[in-house]
Amino acid sequence: MIQLSKRLMTVVQAVTPGHAVLDVGCDHAYAAIWLVRNGISPCAVASDVRPGPLLAAEANIKAEGLAGQIRTVLADGVPADYREYTGQQAVTLILAGMGGRLMSAIIGRAAAEGILPEEIVSSPQRDPDVLRGCLAGHGFRITDEMILREDGKTYTVIRSSADGQPVPELSPAEALYGPVLLSAGNELLLEELQKKKALIMQIRRSVSRETEKGSKRIQELDRETAIITEAIQRLEAVHGAKS
Ligand code: SAM
């Protein structure tokens with residue numbers, strides 16, 4: 001039986017039960033296997049742009065005896081014909097372990113082709129603000145966010161839904177750090193941001209204002225600090241209200 005990392009477990013647990021799953025950039029296909037094996041998803045499409053990972057995915061699916069329920073597809077981004085396999089049921093697109101810009105490009109292309117699914121569960125490795133902006137731009141409302149630490153790294157998981165409800169506009173702090181996590185006063189996020197702010201202040205002290213490059217860098221760091229400070233204040237306000 002496959003063993004999921006804490007990160008991937010958080011991703012699969014964000015999928016709405018009963019949805020078929022489309023795991024783009026599936027690599028080993030562990031997410032699709034876990035979801036179908038545990039009866040969360042009736043079927044899955046696991047796709048990857050590279051043949052190597054797809055071969056490994058096929059071997060894993062076969063070893064689990066799930067070849068009848070999980071189809072593999074070699075494709076760059078969302079496979080055009082995935083509904084041929086999932087039928088009319090609601091679909092959750094999983095995008096995990098890629099950067100937010102690549103995920104946004106994949107979502108943008110699928111939107112242009114009119115093949116976006118009902119729900120997207122994503123876990124960007126970087127540029128979360130680009131991804132959250134892209135989700136909002138395509139009518140996806142963030143319905144939940146999780147944050148976790150594993151092997152010294154921090155990961156965020158975002159569940160979003162195109163359910164026709166209004167999509168709130170995001171402030172820069174919300175786009176970067178997550179509207180749900182900020183509203184919940186998430187303690188791990190607060191800890192992360194306090195560390196990040198201290199690091200930025202330390203870097204700022206080492207940059208010289210004397211050069212044009214240095215003063216530009218200071219401006220960037222000050223912009224970043226202002227956004228982090230706003231986020232910290234929001235998180236602390238929730239804590240104050242709780243105690
Ligand atoms: N999703 C898995 C996870 O989170 O553990 C695997 C992440 S792995 C780091 C990223 C995978 O995305 C690779 O297997 C890579 O080949 C695939 N990938 C990158 N760009 C892609 C694209 N445009 N379309 C489909 N797959 C892509």
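All residue numbers in this chain count up from 1 along the given sequence. Whatever order the structure lists ligands and atoms in, that order sets their numbers, starting from 1. As the structure is a computational prediction, the values presented were derived from the model and not from experiment.
Trp34 and Leu93 fall into different hydrophobic clusters, where Ile, Leu, Val, Met, Phe, Trp and Tyr are joined by side-chain heavy atoms under 4.5 Å apart, directly or via other members.
Paired with Asp222 under the rule salt bridge (Lys or Arg N to Asp or Glu O under 4.0 Å), one option of Lys216, Arg204, Arg217 passes, and it is Arg204. Checking Asn186, Asp129, Leu189 one by one against Tyr177, the side chain to side chain contact (heavy atoms under 4.5 Å, CB included) holds for a single residue, Leu189.
Annotation for ligand 1: atoms under 4.0 Å from non-hydrogen atoms of Arg50 are 13 (C), 14 (O), 15 (C), 16 (O). Those atoms of ligand 1 with a heavy atom of Gly77 less than 4.0 angstrom away are 22 (C), 23 (N), 24 (N), 25 (C). Near His28, meaning under 4.0 Å from any of its heavy atoms, are these atoms of ligand 1: 5 (O). Each of the following atoms of ligand 1 lies closer than 4.0 Å to a heavy atom of Asp76: 22 (C), 23 (N), 24 (N). In the vicinity of Ala75, heavy-atom distances shorter than 4.0 Å reach the ligand 1 atoms 24 (N), 25 (C).
The protein non-hydrogen atom at the shortest distance from atom 27 (C) of ligand 1 is Val49 CG1, 3.5 Å. Nearest protein heavy-atom contact of atom 11 (C) of ligand 1 is Gly25 O, 3.6 Å. Looking from atom 4 (O) of ligand 1 to the surrounding protein, the closest heavy atom is Arg7 NH1, 2.7 Å. Of all protein heavy atoms, the one lying nearest to atom 10 (C) of ligand 1 is Gly97 O, 3.8 Å. Nearest to atom 7 (C) of ligand 1 among the protein's heavy atoms is Ala96 O, 3.5 Å.
For atom 14 (O) of ligand 1, the choice among Leu102, Asp48, Leu8 with the nearest heavy atom turns out to be Asp48.
Contacts of Ser5 with ligand 1, taken as heavy-atom pairs under 4.0 Å, are absent altogether.
A donor atom on one side chain and an acceptor atom on the other are not found under 3.5 Å apart for Arg209 and Ser215. Checked by atom type, the side-chain pair Ser161/Glu119 shows no donor-acceptor distance below 3.5 Å. For the 3.5 Å distance criterion, the side chains of Lys197 and Thr225 fail to qualify, holding no donor opposite an acceptor.
Taking a 6.0 Å sphere around NZ of Lys62, one finds it holds 12 or fewer heavy atoms contributed by other residues, nucleotides or ligands.
Aromatic ring centroids of Tyr30 and His28 lie under 6.0 Å apart.
Among the atoms of Val24, none of the N or O lies under 3.5 angstrom from an N or O of ligand 1.
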Can Arg83 and Glu118 be said to form a salt bridge (Lys or Arg N to Asp or Glu O under 4.0 Å), step by step? CA-CA 12 Å; Arg83 295 251 187 216; Glu118 289 74 12; 3.5 Å; yes
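A heavy-atom separation below 4.0 Å is not found between Ser47 and ligand 1.
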